Amino acid sequence: MIIFLISLSSKQKLYHKMSIPSKYEAQKVENQWYKYWMDNEYFYSTPDARESYTIVIPPPNVTGVLHMGHMLNNTLQDVLIRKARLMGKNACWVPGTDHASIATEAKVVARLKERGIAKSDISRDEFLDYAWEWKNEYGGVILEQLKKLGCSCDWKRTKFTMDEDMSASVIRVFVELYNKGLIYRGYRMVNWDPEARTTLSDEEVIYEEQQGLLYYIAYPIDGTDERLVVATTRPETILGDTAICIHPQDERYAHLKGKKAIVPISNRSIPIIEDEYVDLEFGTGCLKVTPAHDENDKALGEKHNLETIDIFNADATLNAHGLHYEGKDRFVVRDEISKELKGLGLLEKTEPYTNKVGTSERTKAVIEPRLSEQWFLKMDTLAQPAIDAVLHTGEVKFFPKKFEKTYRHWMENIRDWNISRQLWWGQRIPAYYYGKGSQDYVVAEDADQALNLARKKSENDKLTAKNLRQDKDVLDTWFSSWLWPISVFDGIMEPENEDIKYYYPTSDLVTAPDILFFWVARMIMAGYEFKGQRPFENIYLTGIVRDKQRRKMSKSLGNSPDALELIEHYGADSVRVGLMLSSAAGNDLLFDEALCQQGKNFANKVWNAFRLVQGWEVEDIPQAESACLGLEWYRAKLAKTLSDINDHFDKYRLSDALMSVYKLVWDDFCSWLLEIVKPAYQQPIDKTTYKAIIELFEANLCILHPFMPFLTEEIWQRIRKRNKDEALIVSSWPTLSLNNQELIPEFEFATTVISAVRNIRKKKNLANKEALDLLFIDKEKLDQRWDVVIKKLAYLKSIGSVAAAVEGAVTFRVKSNEYYIALEGKLDTEAEIEKIKEELEYTQGFLKAVEKKLANERFVNNAPEKVVAMEKKKASDALAKIETLEKSLESLK
RNA sequence: GGGCUCUUAGCUCAGUUGGUUCAGAGCACCUGCCUUACAAGCAGGGGGUCGUUGGUUCGAAUCCAACAGGGCCCACCA
């Protein structure tokens with residue numbers, strides 16, 4: 001049973017009874033309750049004897065502003081954390097932001113540009129001063145916005161991925177991994193973002209289909225009049241060509257083996273090589289080789305000992321190898337060079353061609369493959385425990401489960417991670433160079449340690465700090481984010497501290513699937529590598545918020561509503577409900593403001609239920625029988641719904657959980673229970689019923705609280721004055737045993753009768769005022785104790801039984817019993833007969849089908865007994881129904 | 001090219017191990033109501049051969065195959 005702390009004197013009125021507006025005004029109360037929760041420190045958590053329930057926020061970009069994706073994501077987290085808090089767990093939701101090196105640096109660069117300052121004009125330290133200034137100015141904005149949404153984060157624990165201790169953790173981890181031999185430096189083809197002027201990891205490259213051209217370029221053959229035609233999508237790269245490749249078995253070009261081709265424009269002579277890599281079918285069957293600008297070409301170049309000519313600057317303009325194109329952008333050059341080739345008669349033709357072009361996830365710039373020296377993290381050994389945890393032991397679970405397959409696919413084909421970025425905003429790589437040789441460097445947590453190591457490694461005691469040069473690059477942002485669930489509790493630097501021992505592993509992670517590889521997979525790897533334990537148990541992957549046309553919501557499309565304006569207009573609770581209602585885990589959410597309106601309507605419904613209840617005069621009078629029954633039924637229904645809701649939560653079906661509450665409150669509580677117990681106009685309600693209604697109302701508020709925290713707290717506090725420790729946010733989730741469940745179908749039976757009577761009233765245009773008699777034949781078939789309820793809600797004068805059909809009555813059937821509404825005046829007998837005939841026909845057909853099934857030996861022999869028994873019951877029910885139908889048909893005739 | 005996934009009412013989606021409770025929910029829609037909590041509401045109502053075609057089975061929205069059409073992820077074909 002529910003334990004409620006409520007005491008009522010017989011005439012006690014609700015707290016704040018006067019002047020309750022008929023519309024719920026969310027905007028007026030939300031800020032006030034948020035402040036109340038903050039002032040009373042309900043969000044804060046410290047380790048204690050309770051079970052911990054922990055969520056770490058996916059840290060938004062420090063310079064970000066709240067968008068619909070954040071709204072969805074953080075509403076989900078808040079629902080989970082509030083539920084856990086009500087369940088009596090020590091709930092801790094750690095907020096924070098991410099330094100997002102590329103995005104933030106880009107913004108700082110842009111801002112400096114506005115002031116007329118170029119990044120290249122200032123020192124690294126000066127730049128970082130500007131960056132911190134920016135961070136301090138805008139860094140908290142998004143977290144402040146989360147407060148509007150009602151997020152109950154432990155703000156005292158707010159972290160930033162570049163906080164001192166966070167950065168120290170990153171550096172320590174780098175050093176550890178380096179010492180284990182998992183981090184290495186390599187000269188590799190990497191993804192170059194010319195806009196941000198940095199390398200990117202493979203995951204940061206988004207391939208997009210683009211409509212381009214395939215250029216057919218003729219290369220004269222040295223010493224002959226012949227030309228060799230090569231197809232390419234990137235004519236500007238011919239200036240970096242160092243070979244032409246043909247297939248060894250290609251007879252078309254067999255005579256050219258060993259000859260040399262002349263690169264147009266640059267007039268360099270390059271070898272014609274043979275390799276089976278060439279696809280005979282594609283283009284002209286031969287390939288230009290540009291080892292500096294293509295991964296495959298690089299491989300060919302290494303195999304065939306080719307020269308490498310890099311023709312680009314860092315910003316993807318051409319360098320000196322670009323000859324007269326030097327300084328021009330690659331796309332400008334593409335256009336111009338094709339014109340020049342045409343003028344030279346060396347452009348045979350162009351044809352439209354669709355290919356996939358890699359673009360930068362952050363800047364959208366087209367990625368340039370580029371050879372450079374970078375730092376990499378070996379992934380295969382890190383991946384193994386993370387694969388086992390998800391796919392074998394089930395220590396880490398995905399909701400929905402289908403993402404486990406995506407995860408598996410990626411993890412099993414994982415490639416080394418390029419972790420260095422040519423940026424300044426981020427954790428600087430702790431490698432220190434002391435000499436000119438490629439191995440003349442050491443890796444250490446700080447300069448002092450580095451100096452010691454360097455002295456040892458170089459066997460030169462005279463090295464000083466001045467001889468050391470720290471690597472210029474910073475680490476990929478995700479190299480700090482992957483530690484998030486550990487580092488927010490300082491678990492790297494202080495592995496035995498109380499917080500990390502208490503809160504780690506965390507419970508649930510809520511995030512979007514687009515950062516599954518960037519972040520989620522890597523956190524799992526980090527969890528096992530640095531703590532030997534999973535970082536979280538359950539991963540709830542949200543969908544993408546789209547508009548009604550299924551387009552992803554984005555700034556550029558302008559189809560994303562302003563999150564704060566939505567809250568302003570509908571209230572945070574309503575927006576939360578709107579988001580939750582149609583967002584099953586993993587399903588994209590087609591956002592429509594109508595959903596917020598639905599949320600608002602619901603808020604108002606609850607509000608008005610409260611208005612009704614608070615307006616009742618309570619007196620010490622006997623309880624109505626109908627009220628007693630209604631309450632019994634509702635308790636049973638509440639228990640059932642609660643069990644459904646708990647089940648939905650266990651399966652992370654949060655929208656289903658909300659829908660269950662929604663229907664419980666709106667349909668069961670408001671439409672049925674309140675109508676049953678509602679006293680007649682200006683009549684008082686009895687004390688017992690009133691007390692019970694308040695208890696049940698409070699239980700409803702509690703269940704609804706995770707979804708609509710403001711509204712529920714507002715009503716909760718209006719019901720009566722509460723002490724600090726009695727706030728709804730820290731109350732207890734109801735626990736009810738599943739008693740009296742048989743009342744549910746009984747009551748449903750009664751509501752069916754009521755609906756049928758209402759239907760007849762409607763069809764016959766009978767006002768509620770006009771009291772009717774309800775008669776039925778078979779007393780045994782109706783549990784008569786519901787009579788009072790039926791009578792009240794169907795506005796009936798009396799309920800009684802008759803031996804046979806009465807004349808001048810309308811009939812209806814519920815299950816196999818027949819009911820009559822006695823009517824004065826004439827009846828449309830013909831229509832009645834028609835209706836009954838129709839139903840009779842249908843039932844007979846139905847019976848036939850069932851009997852056929854039962855006559856089938858194979859069915860009777862093979863189907864489980866239970867199923868056969870059910871069919872038999874169906875048959876007998878149908879038979880009984882036919883009997884009553886025939887009887888009434890007789891009497892009508 | 002490889003992998004995953006989806007197709008159920010006008011819209012968004014539930015339908016767990018094939019079997020009364022299986023053809024559902026919410027919204028939208030239609031009809032009637034300004035009934036003294038709520039028109040942001042009340043009451044009543046209509047609506048789907050479960051993408052197509054085969055197969056397995058006593059029995060298929062559910063299992064299998066093929067096809068049609070969406071979506072997602074991965075991949076170096078110029």
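Just so it is clear: chains get the letters A, B, ... in the order the sequence lines come, proteins before strands, and each one is counted from 1. Everything numeric here is computed off the predicted structure, so don't read it as measured data.
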Would you classify [X] as touching base, sugar-phosphate or nothing, given that sugar-phosphate means primed atoms plus P, OP1 and OP2, and contacts are heavy atoms under 4.0 Å?
X	result
A:C670	base
A:Y207	nothing
A:K763	nothing

With a cut-off of less than 4.0 Å, is there a side-chain N or O of [X] near OP1 or OP2 of [N]?
X	N	result
A:Y277	B:A78	no
A:S755	B:G44	yes
A:K402	B:C6	no
A:W666	B:A25	no
A:N601	B:G41	yes
A:R550	B:G70	no
A:R653	B:A25	no
A:N759	B:G45	yes
A:R611	B:A40	no
A:Y24	B:A37	no

Measure up the A:F747 and A:W672 rings against each other and bin them: parallel (under 30°), tilted (30 to 60°), perpendicular (over 60°).
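Taking A:W672 first and then A:F747, their aromatic rings stand perpendicular (interplane angle over 60°).
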Give the nucleotide from the list B:A78, B:A75, B:C42 with an atom nearest to the side chain of A:R415.
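Among B:A78, B:A75, B:C42, the one nearest the side chain of A:R415 is B:A75.
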Report the residue (A:F517 or A:D656) whose heavy-atom-nearest nucleotide on RNA chain B is the more 5′ of the two.
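Looking at RNA chain B, the more 5' nearest nucleotide goes with A:D656.
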Earlier contact from the 5' end, RNA chain B, for A:K651 and A:K663
A:K651
Is any side-chain heavy atom of A:Y277 closer than 4.5 Å to a side-chain heavy atom of A:K303?
no
Considering only heavy atoms and no angle criterion, is a donor-acceptor pair shorter than 3.5 Å present between the side chain of A:K405 and the base of B:U5?
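No pair found.
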Could you tell me whether the side chain of A:Q598 has a donor or acceptor atom within less than 3.5 Å of a complementary atom in the base of B:A28?
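Result: no qualifying N/O pair found.
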Spell out, as yes or no, whether a donor-acceptor pair under 3.5 Å connects the side chain of A:W607 to the backbone of A:P21.
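Confirmed, A:W607 side chain pairs with A:P21 backbone.
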For A:D592 and A:L595, indicate whether the former's side chain and the latter's backbone hold a donor-acceptor pair under 3.5 Å.
no
Are side-chain N/O atoms of A:N861 and A:R858 paired as donor and acceptor at under 3.5 Å?
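The criterion, which ignores hydrogens and geometry beyond distance, is not satisfied for A:R858 and A:N861.
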